[in-house]
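Taking it in order: structure first as structure tokens, then the write-up.
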Number of protein chains: 2
Amino acid sequence: MPMDREHCIAMGRTCVAYNLRRASRLVSQAYDQALKPTGLKVTQFSLLVSFVLAPASKMAQLAQWLGMDRTTLSRNLRVLEKRGLVELEQGQQDRRELKVRITSDGKKVFEQATPLWLKAQEEVVGGIGQERWAELAKELRSLVSGLK
Amino acid sequence: MPMDREHCIAMGRTCVAYNLRRASRLVSQAYDQALKPTGLKVTQFSLLVSFVLAPASKMAQLAQWLGMDRTTLSRNLRVLEKRGLVELEQGQQDRRELKVRITSDGKKVFEQATPLWLKAQEEVVGGIGQERWAELAKELRSLVSGLK
DNA sequence: CCATACTTGATGTATATACACGTAACGTGA
DNA sequence: TCACGTTACGTGTATATACATCAAGTATGG
């Protein structure tokens with residue numbers, strides 16, 4: 001395998017991991033900046049959204065849905081728990097299970113964060129327009145639908 | 001700001017940060033898996049590519065190009081340096097500057113990694129096809145071109 | 001020449017991420 | 001009922017990421 005300049009340029013332009021990671025670094029920074037008044041990072045905001053969508057869901061299930069390792073979700077949850085934004089409850093039938101629920105404090109912060117999220121969203125999407133982003137998002141989901 | 005189900009579904013489908021982060025988690029896992037025999041993660045492979053492309057470049061410059069915080073690059077470099085894949089050299093004129101150069105060991109690992117990278121690349125891109133990915137990548141770059 | 005502002009990179013701290021491995025609880029067949 | 005495999009989650013460890021802050025070198029106006 002050659003290591004010449006042309007080859008490296010081609011890899012930089014085409015590598016899916018590199019291009020996605022770079023984009024997500026930059027985009028996450030924009031959202032984190034916007035959410036700063038709430039003390040939330042966009043990762044945490046996304047988790048709150050998923051708890052509202054799927055209340056009292058099991059962690060493994062949630063992790064699968066988020067395309068995230070179980071243990072990653074576990075640790076990300078602890079951060080929100082420490083801040084009192086979510087509660088973990090042991091399952092009734094199966095005592096191994098942990099159900100996650102957003103607290104009233106969590107709801108408050110979430111509602112405070114939503115307009116800030118929207119501002120970041122508009123700023124970022126504004127670069128290419130909603131239609132192009134909708135198409136892009138669809139393609140992205142298609143790209144990763146076969147993985148894992 | 002409402003917190004109803006519809007709203008949350010819409011946020012999940014449209015949030016740029018969430019969709020990019022999710023995609024990059026899944027994609028990175030695929031590449032990391034493929035690169036495992038080399039002990040490299042795809043982030044490290046990408047760094048090696050950039051050192052070949054821009055030999056002896058300054059860290060701040062490189063970080064800017066990679067859309068990465070200076071301090072992130074600094075720490076990621078240390079990992080490669082510990083493994084002896086890159087060397088850091090103090091600048092001649094400006095003693096603050098650090099120039100990064102890939103070592104011969106680094107080249108060896110890079111050449112070993114390249115066919116494995118290609119395999120992951122084909123697996124991931126295969127899901128949608130090269131043309132659609134090329135278009136997608138262009139849109140992605142356009143999306144983030146205004147940030148930072 | 002020097003005080004000061006600016007540049008370059010490193011450190012402290014915190015979160016995000018995943019793999020390998022460990023532990024407790026559940027289910028099941030003998 | 002109990003031994004064993006399976007399932008659900010946590011821990012240890014390592015890397016990735018960024019912000020706030022610090023230290024040192026450089027540039028510049030006086």
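So that the names make sense, note that chain A is the first sequence line, chain B the second, and so on, each numbered from 1.
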statement: Reading nucleotides 15-23 of chain C from 5' to 3' and marking B where a protein heavy atom lies under 4.0 Å of the base, S where only the sugar-phosphate is that close, and - otherwise, the string is SSBBBB---
Mind calculating the distance between [atom1] ([X]) and [atom2] ([N]) to the nearest angstrom?
X       : N      : atom1 : atom2 : result
B/Gln90 : C/dT8  : CD    : C1'   : 11 Å
A/Glu97 : C/dG27 : CD    : C1'   : 14 Å
B/Gln92 : D/dG25 : CD    : C1'   : 15 Å
B/Lys58 : D/dT26 : NZ    : P     : 12 Å
B/Met59 : C/dT7  : CE    : P     : 17 Å

- request: To the nearest 0.5 angstrom, please state how far the CD atom of A/Gln112 sits from the CG atom of A/Leu40.
  value: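 Taking CD in A/Gln112 and CG in A/Leu40, the distance rounds to 8.0 Å.
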- prompt: How long is the span from the CG atom in B/Leu118 to the NE2 atom in A/His7, to the nearest 0.5 Å?
  reply: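 Here the interatomic distance stands at 7.0 Å.
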Identify all pairs in which a protein N or O lies below 3.5 Å from an N or O of nucleotides 1-7 of chain D, and state each distance.
residue : atom : partner : partner atom : Å
D/dT7   : O2   : A/Arg96 : NH1          : 2.4

- prompt: For the rings on A/Phe110 and A/Phe51, is their centre-to-centre separation under 6.0 Å?
  reply: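 Between A/Phe110 and A/Phe51, the centre distance exceeds or equals 6.0 Å.
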- request: Any side chain to side chain donor-acceptor pair (under 3.5 Å) involving residues 129-146 of chain A? Give me the pairs, sequence neighbours left out, ordered by first then second residue.
  value: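 For residues 129-146 of chain A: A/Arg132-B/Glu139, A/Glu139-B/Arg132, A/Arg141-B/Asn19.
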message: I'd like to know if the side chain of B/Ser28 reaches the main chain of A/Ala17, judged simply by a donor and an acceptor atom lying under 3.5 Å from each other, with no hydrogens or angles considered.
response: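 Not confirmed, B/Ser28 side chain does not pair with A/Ala17 backbone.
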CA sep, side-chain torsions, deciding dist, call: B/Leu62, B/Leu66, side-chain contact (heavy atoms from CB on, under 4.5 Å): CA-CA 6 Å; B/Leu62 211 47; B/Leu66 293 166; 4.3 Å; yes
query: What does A/Gln93 touch in the nucleic acid at a heavy-atom separation under 4.0 angstrom: a base, only the sugar-phosphate, or nothing?
result: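 Sugar-phosphate, backbone atoms only, no base.
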field: Salt bridge A/Lys58-A/Glu97, side-chain N to carboxylate O under 4.0 Å
entry: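 A salt bridge links A/Lys58 with A/Glu97.
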- prompt: Does B/Glu87 pair with B/Arg101 as a salt bridge, N-O distance under 4.0 Å?
  reply: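 So B/Glu87 pairs with B/Arg101 through a salt bridge.
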